[in-house]
Amino acid sequence: MLVLRNGSFEDRTRDVSSWSPTGNGQVVVTYGMSKPYTYGAGKVQILGVRERFVPGDGTLIEVDGSVWENATEASTFDTPGGAVAHIFYRSAAGETWISKRVRRVRVVANATADPGIATVMEYWRALVSSLGPKDPIREVYKSLTFVHPESVLAQYLTGAPIQSRELPVPVIYPFRCNLSQRQAVEHALTHSVSVIEGPPGTGKTETILNLIANIVRSGTATVGVVSFGNAAVDNVREKHEALGFGHVIARLGRRELAEAFFAEQEPRNSRVTNLQHQIPPPPPPERLSELDTRLRRLQQTDRERARLRQEIEAYSLELKHFEKHVEPGDLAHLDRLPLLRRSSGRILDYLAETALEDGHQVGFIGRVRKYVRYGSLRGLDPGDTEVVLRLQRTFYDRRLAELTAQLANVDTELSKADFDGLVEEHGQLSVQALHAALGERYAGKRTTYEISSYTRKFGDFAADYPVVLSTCHSLRRNLPPGYLLDYLIIDEASMVDLLAAGAVLGSCRNLVVVGDLNQLEPILDQRATGVVAPYEAYDYRLSILASIGRVYADVPRTLLREHYRCDPAIIGFCNKAFYDGRLVPYTRSQGERSMLVVRTTAGNHMRRGFSNQREIDVILEEVMVRECAGLPPEQIGITSPYRLQADKLTNQLMDPIDADTVHRYQGRQKDVMIMSTVLDETKDGHIGVKFVDDPHLVNVAVSRAVRKFVLVTNYERLPRSRNIRDLIGYIDYQALDAGVVDSDIVSVFDLLYREYDERLRAFAGRLRNEQRWKSEDIIWTLLHEILAEPRYRHLTVVAQVMLRNLMTGLPRQAELTEAQARFLGRTSSVDFVVYNRISNRPVLGVEVDGFEYHENNPEQLARDALKNGIFAAHRMPLLRLPTTGSAEADRIRAALNRLSDT
């Protein structure tokens, strides 16, 4: 190998065609077919190749952490300045070469040589190939021919043991932390794979932020944060920026996001330069360690305080139910009974023990034991209902007194220890430690990078931006080929399917999976079917969160238990129904009604396609008015399991209030959440119960609410459901059996159902039975009754008026389109026309729109649009009354009152 030396070296191995020393201490070198060059003998020498490597048989060359799949050869040799690797690779200009120090180059094996890995990868690729040609994940799997042997993907697909390591001390927490969050961060820092279970409102984002802070503080480590969408990772970015650490983040992802990131480099670099003048010294490590030890103990006490508050609220509610059903006169007078002065536990023991005896006589030894435990029981009849009620009432009083005393003691302990002050100091010192570490990182001049070339200098880029935010579909193309981040955090992992996860697991050495198996699962592309999974744990229908649990039964797993979002009653349902009571709410009740069920009037109001206009009317006209008064629109959310219902709500809302599906609401929150279940008791409604009653969906819908949750459902309250039925029962219990209210909204079209509201019974008896269709006869009858009122007695109504005849006598204010003119010439009619009986002038058209013939019929909708245009051209109002609507009498009167003739 030829090395030209001039204080550095230049390799030209393959270019040298001849080499010949001269007699005067010089060397003549010819490169290829070019003319010879003459060098001083001291500046050129031949070095022998120490080792030569040609990629193949599943091995590749890695340079500066990136795998060069286009490298064709690498040779190493010794120079006076140290070992050097000479790498040949293919480029657009043909084969070329580059030299790197040997420590920056190594040979790595492709893990796909393992049969187990190859089988799963082949299965995933087969699924991806069935997706649409524009699906972004297809490109990812095209490039995923190499799996780094040190990647989590290689370890996960072989089930290799999770690696552990020592915890860096002390760990810092610049963002809020509690006992669960501490454990989660420590597990992540000490294990190659870990799971953080983050139920709603338990601070999973803060946990991620604290984990990132410790990774970045270490000096050289890198971390990526991905999710199935952008909302979760943007939340991480925003909270970093709020604390002043936004400059460590590279917000990449799809092309336009990456372009925005690179376009903002100059102002960001200026902020970093300014921050360098404000860098504090690192805090004393012994003080951080001391605070950490004290806070761990006090946070345990703080959790006990939250648990006591929760228990006091639960017993207080039980007592209210007791008092509601038991009158003071129902209680026996046992003032001198020693048992009434014992602890609540002793009273409860006595009640349980005597219930088991069930009136049977107790022997002498048993009576002595009772006397020792409970005191004198002379004259006490445990079978007397009044006695039992008195003991139960005393139990509640004693238990609440005991819990209140315990809570007071805990409050005193935390106050004396200055718990809040220690929390604040520990947070400030953690922020100081992170600032100091970043001060060292950014001591030099900040580099400006180009989007087209940053991956070629990714070592420098990662030093400036150790945190990469992306999505599962984009991360791989945001990194150099084969590059491994030190850590990868997958957020909202319950919604990340294995095809998306497989696209990113090959880009990291350590993995932290953050999610909640009790929340929504991945929405699968139904085209990716027909291929059987080789192993159950790698079935693409699983989320990465579920799959990790199957591959690693012993994965370090932390449940975040402390809850900070919802009213205690709201999260109380989720806690009981889905989390086995393991959550500890830290929130306090605001004293207002936090949960409510509103049921529609009797009748089947759902329509094909899963929409329910009656529930929409109830939400807009009752719930919004009564339960959301004074709230900013941005703090109100409306949700439904069905996209059609959510879209209809959006179209009918006046204020900028979010209406969306439950799936789209995951990860968000609102002060007030309103849920429309849509279903009724028809066959289609029964079919839909399985979807609407899904426990993951119900859990997400309820836990989006911070202060108030309102469920709008059908009159029968979905009796075939399980979770919705439990929710309704829970709400009713929380409201002392007054949590379910009936809507006042009725429709005359409810008479079309076999069961309808009692308020319509009298009207049903007055139907004129003069029209062909019952829906039209209902409006025909209603119009006659309204026009009989004094205000409207100058008006009359006529049925089935030919549209052409109606418009002939009216002045036209606008030209008809060709389609409208053709339609007017047909035999189309108007259901009803209101006339002024004095002038014989038509003043209002009324159409009855049945769902099947109108909303569910595109051709009829087109005809309706033509008719609407003809009425508008003649400046004549047209009132449409859909059979799915409500308050028809009010709508008719409102239309009549707007007429200039009335």
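Contact check on Glu413 versus Arg305 returns no salt bridge, with no Lys/Arg side-chain nitrogen under 4.0 Å from an Asp/Glu carboxylate oxygen. Salt-bridge check for Asp660 with Arg643: passed, with a basic side-chain N closer than 4.0 Å to an acidic carboxylate O. Salt bridge Asp658/Arg668: present, at least one basic N to carboxylate O contact under 4.0 Å.
For Pro200 against Asp516, the heavy-atom pair with the smallest separation is CD-OD2, 3.8 Å. What you find for His148 and Glu62 is that their closest heavy atoms are NE2-OE2, 2.7 Å. Nearest heavy atoms, Ala306 versus Val584: CB-CG1, 3.5 Å. In terms of heavy-atom proximity, Lys670 sits nearest to Glu634 at NZ-O, 2.8 Å.
Between the side chain of Ser194 and the main chain of His191, no donor-acceptor pair closer than 3.5 Å is present. Side chain of Ser227 to backbone of Asp491: a donor-acceptor contact under 3.5 angstrom is found.
Between Phe709 and Phe573, the ring center distance fails the sub-6.0 Å criterion. For an aromatic pair to be called close, the ring centres must be under 6.0 Å apart, and Tyr552 with Tyr156 fails this. In this structure, the ring of His473 has its center no less than 6.0 angstrom from the ring center of Phe228.
Heavy-atom contacts from other residues, nucleotides or ligands closer than 6.0 Å to CZ of Arg287 number more than 12. When the shell of 6.0 Å around CD of Glu256 is examined, it contains more than 12 heavy atoms from other residues, nucleotides or ligands. Around CD of Glu286, the count of heavy atoms belonging to other residues, nucleotides or ligands within 6.0 Å exceeds 12. Under a cut-off of 6.0 angstrom, the local environment of CD in Gln590 is sparse, with at most 12 non-hydrogen atoms contributed by other residues, nucleotides or ligands. More than 12 non-hydrogen atoms from other residues, nucleotides or ligands lie less than 6.0 angstrom from CZ of Arg296. Heavy-atom neighbours of Arg138 CZ from other residues, nucleotides or ligands within 6.0 Å: above the threshold of 12. Heavy-atom neighbours of Arg664 CZ from other residues, nucleotides or ligands within 6.0 Å: at or below the threshold of 12.
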message: Run Glu313 and Arg309 through salt bridge (Lys or Arg N to Asp or Glu O under 4.0 Å) and show every step you take.
response: CA-CA 6 Å; Glu313 288 185 2; Arg309 287 171 176 163; over 6 Å; no
task: Give the intermediate values and the outcome of side-chain contact (heavy atoms from CB on, under 4.5 Å) for residues Arg565 and Ile570.
output: CA-CA 10 Å; Arg565 177 195 294 165; Ile570 295 173; over 6 Å; no
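Between Phe458 and Tyr454, the two ring planes are tilted [angle within 30° to 60°].
A donor atom on one side chain and an acceptor atom on the other are found under 3.5 Å apart for Tyr564 and Asn178. Residues Thr119 and Tyr535 bring no donor and acceptor atom of their side chains to less than 3.5 Å of each other. If you check the side chains of Arg182 and Gln299, you find a donor sitting under 3.5 Å from an acceptor. Side-chain contact annotation: Glu562 with Ser180, donor-acceptor N/O pair under 3.5 Å present. Judged purely by distance below 3.5 Å, without hydrogens or angles, the side chains of Arg476 and Ser143 pair a donor atom with an acceptor atom. Judged by distance alone, the side chains of Arg251 and Asn230 do bring a donor and an acceptor atom under 3.5 Å apart. Using a 3.5 Å distance cut-off with no hydrogens or angles, the side chains of Arg477 and Ser474 do pair a donor with an acceptor.
Applying the ring pair (Phe, Tyr, Trp, His ring centres under 6.0 Å) test to Tyr579 and every residue at least two apart in sequence or in another chain returns nothing.
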